[in-house]
Amino acid sequence: MINGTDFRELVSGRKRGFGAWAARTAFAAAEVPYALAVRWRNRGYELGKRETVCVDVPVISVGNLTLGGTGKTPMVEWIARRLRGRGVRVSLVSRGYGADDQGHNDEALELELALPDVPHVQNPDRVAAATVAIEELATQLVVMDDGFQHRRLGRDLDIVLLDATEPFGFGRVFPRGTLREPASGLRRADVVVLSRAEMLEEEGRSQVRQRVAGLAPRAAWCEAAHRPACLVNADGERRGFEELAGKRVAAFCGIGNPAGFRYTLDGLPLEIADWREFPDHHSYTAEEVLGLARGASEAGAGALVCTRKDLVKIAAADIEGMPVWAVEVRLEVLAGEESLAAAIDGAAERALAVDEPGASAAP
């Protein structure tokens with residue numbers, strides 16, 4: 001299976017040669033029916049031919065326009081913490097792609113590690129998941145993870161993240177590019193967040209903002225950075241980055257956009273002796289885990305370093321004596337925090353009002 005970096009090298013046009021050209025040609029042919037199907041589906045919701053179900057509490061959707069990692073998890077954490085700080089009983093709802101036998105996928109396990117007091121309900125039927133959260137968990141507000149293209153569950157607020165490394169998916173819909181739907185779909189967004197904005201100079205950010213203003217003129221604009229906070233292991237132990245300062249490490253990840261993780265590592269005081277990529281949502285076999293440790297040892301590394309999403313699947317603080325650390329990343333809002341906070345707080349006020357006598361949940 002092609003990894004995230006190789007796929008992006010191919011669809012971006014950076015990979016040259018006849019084979020790459022032939023693949024892009026095939027992808028372009030497949031893009032046409034896919035894009036038409038997406039447009040047809042969206043049109044059905046816009047004309048009311050497809051049902052949108054509104055539940056009894058406010059719903060905040062956090063999603064993206066492109067495939068792969070745009071930093072939704074740090075944003076979901078930021079939102080959940082703000083809501084909990086206001087006393088709102090919040091639950092997370094997601095599809096649960098690649099869930100294990102216990103019904104949890106890597107993102108659920110990662111969020112459980114970061115937000116132990118916030119329930120997470122996974123179900124491909126997001127309406128059913130939200131209903132469980134409300135009826136069984138006394139939820140006052142639902143945060144739907146990866147919900148922009150899931151239009152059946154009604155929402156009060158649509159927050160869409162654009163990754164600074166490829167905000168518009170190379171201008172093409174999957175599989176020819178990385179757009180999940182045509183960029184015009186951004187008009188549905190209430191807030192657009194440029195994630196990993198620290199990777200772009202001010203001119204680059206301004207160019208993205210101008211294009212977003214044309215696509216989604218009513219949406220609030222926000223810029224956010226992903227800041228490495230600390231190291232964490234599978235036992236929940238946290239250390240500062242001085243733990244690995246000046247040391248050789250072997251890094252690996254199985255995420256949608258490996259470039260973002262590599263950028264984070266390049267800013268830390270360590271030396272990458274070995275780098276390995278796996279497909280997004282990859283389930284590591286015992287053989288692969290042992291291979292990572294042995295490869296690290298052969299490279300002269302003193303530790304394995306990964307993302308939190310990978311750590312929860314490895315579920316080991318060390319492998320054959322090789323320490324395993326994940327880089328914990330926190331969201332830092334660089335611009336537009338007032339608008340983002342106001343949108344979140346407005347949903348929180350509506351959620352808290354639901355429990356008041358005579359209150360109605362419908363927006």
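These numbers come from a predicted model, not from an experiment. Just so it is clear, the values below take in all heavy atoms, side chains as well, and ignore hydrogens, waters and symmetry mates.
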* Does some side-chain heavy atom of Trp275 sit less than 4.5 Å from a side-chain heavy atom of Pro258? -> yes

* Asked: Considering the options Lys309, Glu288, Lys313, Glu277, which one meets the side chain to side chain donor-acceptor pair (under 3.5 Å) requirement together with His282?
  -> Glu288

* Charged N-O contact under 4.0 Å between Asp345 and Arg82 -> yes

* Could you tell me whether Arg239 and Glu237 have a side-chain N and a carboxylate O separated by less than 4.0 Å? => yes

* Could you verify whether a donor N or O on one side chain and an acceptor N or O on the other, from Glu166 and Thr178, lie under 3.5 Å apart? => yes

* To do: Kindly give the heavy-atom pair with the smallest separation between Val57 and Thr139, and that separation in Å.
  => CG1-O, 3.5 Å

* Euclidean distance, Ile60 CD1 relative to Met75 CE, rounded to 0.5 Å -> 11.0 Å

* Who passes ring pair (Phe, Tyr, Trp, His ring centres under 6.0 Å) against Phe7, sequence neighbours left out? -> none

* Do the charged groups of Asp6 and Arg8 touch, with an N to O distance under 4.0 Å? -> no

* Asked: Would Arg180 and Asp146 pass as an ion pair if we require N to O under 4.0 Å?
  -> yes

* Would Glu46 and Arg187 pass as an ion pair if we require N to O under 4.0 Å? -> yes

* Does Arg188 count as lying over the ring of Phe148, i.e. NZ or CZ under 6.0 Å from the six-ring centre, within 45 degrees of the axis? -> yes

* Asked: Does Arg95 pair with Asp125 as a salt bridge, N-O distance under 4.0 Å?
  -> no

* Asked: Would one find more than 12 heavy atoms of other residues, nucleotides or ligands at under 6.0 Å from atom CZ of Arg84?
  -> yes

* To do: Would you confirm whether Lys247, through its side chain, and Glu243, through its main-chain N or O, come within 3.5 Å as a donor-acceptor pair?
  => yes

* Under a 4.0 Å N-O cut-off, is there an ion pair linking Arg294 with Glu298? -> no

* Residues Thr165 and Asp163: side-chain donor-acceptor under 3.5 angstrom -> yes

* **Sidechain-backbone polar pair: Asp156 side chain, Val59 backbone, donor-acceptor under 3.5 Å** => yes

* Any salt bridge between Arg308 and Glu328, counting N to O under 4.0 Å? -> yes

* Gly169 backbone acceptor or donor facing Arg172 side chain under 3.5 Å -> no

